[in-house]
Amino acid sequence: MQAQQARSDLLKWKLGLVGVIGAIGLGLAGTHTSHHAALVLCVLPLVCVYVDLLCRHLSLRMLVIAAFIKKRDLATAEEPLVAYERFVGTVRTDHEPFALETWALDYSTAAVSAFVFAYGIAGTHNSTGVKVAFLLSGAMGGLFTFLAGRAYLKRSGALIALAAAG
């Protein structure tokens, strides 16, 4: 339960961090910003990837707990927990009820990364270095999101298979 609450808190932090960093970078706070203040937007994809990795770690932790409960000796396991984990395993195989949170993680980071990349292309930058910083930041955010998603799928699939083997 604590891991689920921590994931929920991390998602709130992600939204807040993106909002604050975006407001600073775009000068929406009504402050007088320096000439290259928009460069702060370059950290958005990396902040998103970081929060996503923490969320995925908590997901894997929850899957480990679920796999442990499923693999326990039935003579010593509490029947409601075993029945619940069997049910969730069946539901995940047929319907994937928890996909929306993964979509929120992946698509929000992809959207922020695409925005930073597009801003690098279309923004009114006075220097090539600033433009390159936006392009690299957006591309790295997209790439790291893709790689983290693949790594998560591999690890979560192995844990689900481990639980099903017992």
- Kindly indicate whether the side chain of I24, heavy atoms from C-beta on, has any atom under 4.5 Å from the side chain of L41.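 With C-beta onward as the side chain, the pair stays apart.
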Could you tell me if the side chain of Q5 sits less than 4.5 Å from the side chain of D9, heavy atoms only?
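Side-chain contact under 4.5 Å: yes.
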Shared ILVMFWY cluster between [X] and [Y], side chains joined below 4.5 angstrom?
X	Y	value
L159	Y152	yes
I121	V132	no
W13	V20	yes
V18	V40	yes
L46	L54	no

Look up atom [atom1] in [X] and atom [atom2] in [Y], then write down how far apart they are to the nearest 0.5 Å.
X	Y	atom1	atom2	answer
M140	L147	CE	CG	11.0 Å
Q4	L58	CD	CG	10.0 Å
C48	L17	SG	CG	8.5 Å
T109	F144	OG1	CZ	13.0 Å
F115	F134	CZ	CZ	8.0 Å
L63	S156	CG	OG	6.0 Å

Closest heavy-atom pair and its distance - [X], [Y]:
X	Y	value
L135	F117	O-CD1, 3.3 Å
V116	P45	CG2-CD, 3.8 Å
L60	R155	CD2-CB, 3.9 Å
R56	A148	CD-O, 4.0 Å
C55	L10	SG-CB, 3.6 Å

Exam field: side chain K131 to backbone A122, donor-acceptor pair closer than 3.5 Å
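Checked: no pair found.
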Fill in: Side chain S137, main chain A133, donor-acceptor under 3.5 Å
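Side chain of S137 to backbone of A133: no pair is present.
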Q) Which is it for L105 and L11 under the side-chain contact (heavy atoms from CB on, under 4.5 Å) test, yes or no, and what are the steps along the way? A) CA-CA 8 Å; L105 286 170; L11 292 174; 3.4 Å; yes
